[in-house]
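FYI, the numbering just counts along the sequence from 1.
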Amino acid sequence: MTFLNFTRRTLLAGATAAMAMATAPALAQGDEQIIAISFPNSSTIGAVTTSLNRSKEYGAEMGYRVVVDDPGSDMNKQINTIKTWIQQGVPVIVAVVPQPDVFESIAKQAREAGIKWITYGETLENQDATVGYAQYDDGFRLGEYAGEWITENLGGEANVAVLGYEVASWGQLRGNGIKDGLASTAPNAAIVAEQDAINPSDGLSTTRTLLQANPDINVILGIEDPATEGSYKAWVAAGKDPKDPNAFIGGMDGTPPALQYLQEGDNVYRASMAIPLLEVGEAIVDTADRLLAGEETGNVIVPLELVTAGDEAATKYLAQQGFE
């Protein structure tokens, strides 16, 4: 690397950081108690939005202002915003950490500055607590149920596509759980394709391509319901029977479209691991409050609930998201 390139990169990095500081909101004002949440892509996932809106409402009841920042998939933007929060001295930072190793030093900086650090859905060495899920276990339960269905309805054999998200550790955990759960109850089911997809458009385009390459795929499992919602649309667009008794689509998180498919109960969308959305939103605030009071909370794990076709739980979770 030449000195000129080094200088340019240094100046660009400095300019980026300065821009983040200039545009980030001045959160810490007087004695105001702030819970700052950094959650990539939160504004695009309805279930997550419901949880975080509950955090805001519940936080206000508890005397906190809950602020949510969505950096999309731009990890550098996320890091710069968190560094700004550290400089502003917010009392609590809650963060989704796409790559835990990258965030260890940032979490350490926050804690050295007297800030409580809560990791959402993951565990860091430098943290005060985790609020989230047993990602592997929840994925395992989806795969296990799919395998039970395959064994009961298809004689234990199926051609399976798994939609994952390998760039994030939580995606790896969910994906590995799904595959291990499937193998535990349907060892003869063949995983014929694995692709990353976590939103509806990716799920649609990826599944369309997979079905063209392997039209015998009859089970699609995803780590995110938005992706498998796209899979359902691709399935129908490919001219396949939406009520095919030999097909299974299932995802995770319990988004409204997925829950509506399950509420209908008579289609190939057969399962979702649904997040207890309101409980998670409240758990974030409760954990922050307890940490600020000097408690050692340990990790707060909220288990996801398996919702299957025709299950009354689909109606319950839809109501939590404003769908009656």
Please report the interatomic distance CD1(Ile93) to NZ(Lys116), rounded to the nearest 0.5 Å.
13.0 Å
Is the shortest side-chain heavy-atom distance between Leu52 and Ile284 below 4.5 Å?
yes
Give the cluster check for Val97 versus Leu173: same hydrophobic cluster or not, with ILVMFWY residues linked at side-chain heavy-atom distances below 4.5 Å.
no
Expected output: side-chain Lys240 to main-chain Asn218 donor-acceptor under 3.5 Å
no
Sequence neighbours left out, cut at 3.5 Å: what donor-acceptor pairs do the side chains of residues 150-164 make with other protein atoms?
{"residue": "Thr151", "atom": "OG1", "partner": "Gly147", "partner atom": "O", "Å": "2.9"}
{"residue": "Thr151", "atom": "OG1", "partner": "Thr185", "partner atom": "O", "Å": "2.7"}
{"residue": "Asn153", "atom": "ND2", "partner": "Trp149", "partner atom": "O", "Å": "2.9"}
{"residue": "Asn159", "atom": "ND2", "partner": "Asp216", "partner atom": "O", "Å": "3.3"}

Are Ser38 and Gln78 linked by a side-chain donor-acceptor pair shorter than 3.5 Å?
yes
Let's go through Tyr120 and Tyr133 carefully: what are the C-alpha distance in whole Å and the side-chain angles of both, what is the deciding distance for ring-ring contact (aromatic ring centres under 6.0 Å, His included) to 0.1 Å, and is it a yes or a no?
CA-CA 8 Å; Tyr120 183 100; Tyr133 323 103; 5.7 Å; yes
Closest approach of Leu259 and Gln321, non-hydrogen atoms and distance?
CD1-NE2, 3.7 Å
Note: Arg208 and Ala234 closest approach over all heavy atoms is N-CB, 3.8 Å
Do NZ/NE/NH1/NH2 and the carboxylate oxygens of Arg54 and Glu61 come within less than 4.0 Å?
yes
Indicate every side-chain donor-acceptor pair of residues 288-304 with a distance under 3.5 Å to a residue at least two apart or in another chain.
{"residue": "Asp289", "atom": "OD1", "partner": "Tyr64", "partner atom": "OH", "Å": "2.6"}
{"residue": "Arg290", "atom": "NE", "partner": "Glu295", "partner atom": "OE1", "Å": "3.1"}
{"residue": "Asn299", "atom": "OD1", "partner": "Gln127", "partner atom": "NE2", "Å": "3.4"}
{"residue": "Asn299", "atom": "OD1", "partner": "Thr130", "partner atom": "N", "Å": "3.1"}

Which heavy atom of Thr308 sits nearest to which heavy atom of Leu306, and what is that distance?
CG2-CG, 3.9 Å
Sequence-distant partners of Glu279, side chain to side chain donor-acceptor pair (under 3.5 Å), two or more places apart:
none
What closest approach, in Å, do Val66 and Ser55 show between heavy atoms, and which atom pair accounts for it?
CG2-O, 3.4 Å
Between CD of Glu144 and CG of Asp137, what distance do you get to the nearest 0.5 Å?
10.5 Å
Evaluate Thr119 against Phe103 for side-chain contact (heavy atoms from CB on, under 4.5 Å), listing each step before the verdict.
CA-CA 10 Å; Thr119 313; Phe103 284 82; over 6 Å; no
What pairs of residues pass the ring-ring contact (aromatic ring centres under 6.0 Å, His included) test when at least one of them lies in residues 254-302, not counting sequence neighbours?
Tyr232-Tyr261, Tyr261-Tyr269
Step through the shown structure and confirm whether more than 12 heavy atoms of other residues, nucleotides or ligands are within 6.0 Å of NZ on Lys233.
no
Is there a side-chain contact between Tyr58 and Leu278 in this structure, where contact means two heavy atoms from C-beta onward sitting under 4.5 Å apart?
no
Any heavy-atom pair between the side chains of Ile34 and Gln88 that's under 4.5 Å?
no
Say you draw a straight line from CG of Asp69 to OG1 of Thr84; how long is it, rounded to the nearest 0.5 Å?
9.5 Å
Within the 4.5 Å heavy-atom criterion, are Pro226 and Ile198 side-chain neighbours or not?
no
Asn199 side chain to Asp202 main-chain N or O, any donor-acceptor pair under 3.5 Å?
yes
Shared hydrophobic cluster, Val131 / Tyr136 (ILVMFWY, side-chain heavy atoms < 4.5 Å)
no
Give, for atom NZ of Lys316 and atom CD of Gln263, the distance between the pair rounded to the nearest 0.5 Å.
13.5 Å
hydrophobic_cluster_shared for Leu204 and Trp235, side chain cutoff 4.5 Å
no
Rounded to the nearest 0.5 angstrom, the CD-CG distance for Glu148 and Leu182 is 11.0 Å
Atom pair CD1/CG of Ile220 and Leu211 - distance to nearest 0.5 Å:
5.5 Å
Should Met75 and Ile106 be counted in the same cluster of Ile, Leu, Val, Met, Phe, Trp and Tyr side chains packed under 4.5 Å apart?
yes
Is there a path from Ile223 to Phe248 through hydrophobic residues (I, L, V, M, F, W, Y) whose side chains come within less than 4.5 Å of each other?
yes
Validation row: Asp138, Arg174 side chains within 4.5 angstrom (heavy atoms)
no
If we ignore hydrogens and angles and just use 3.5 Å, is the side chain of Asn267 paired with the main-chain N or O of Pro242 as donor and acceptor?
no
What do the steps show when you test Ile86 against Ile115 for side-chain contact (heavy atoms from CB on, under 4.5 Å), and what is the final call?
CA-CA 7 Å; Ile86 293 171; Ile115 297 169; 4.3 Å; yes
Could you walk me through whether Lys83 and Ile79 pass side-chain contact (heavy atoms from CB on, under 4.5 Å), step by step?
CA-CA 6 Å; Lys83 286 182 176 179; Ile79 290 169; 3.7 Å; yes
Any sub-3.5 Å donor-acceptor pair from Glu104's side-chain atoms to Asn126's backbone N or O?
yes
How would you list, by chain and number, every residue that makes a salt bridge (Lys or Arg N to Asp or Glu O under 4.0 Å) with Glu194, sequence neighbours excluded?
Lys179
Of all heavy-atom pairs linking Leu210 and Gln195, the shortest is CD2-CG, 4.0 Å
For Asp70 versus Ser42, what's the shortest heavy-atom pair and its separation?
OD2-N, 3.4 Å
Pairs meeting criterion ring-ring contact (aromatic ring centres under 6.0 Å, His included) with involvement of residues 162-213, two or more places apart
Tyr165-Trp170
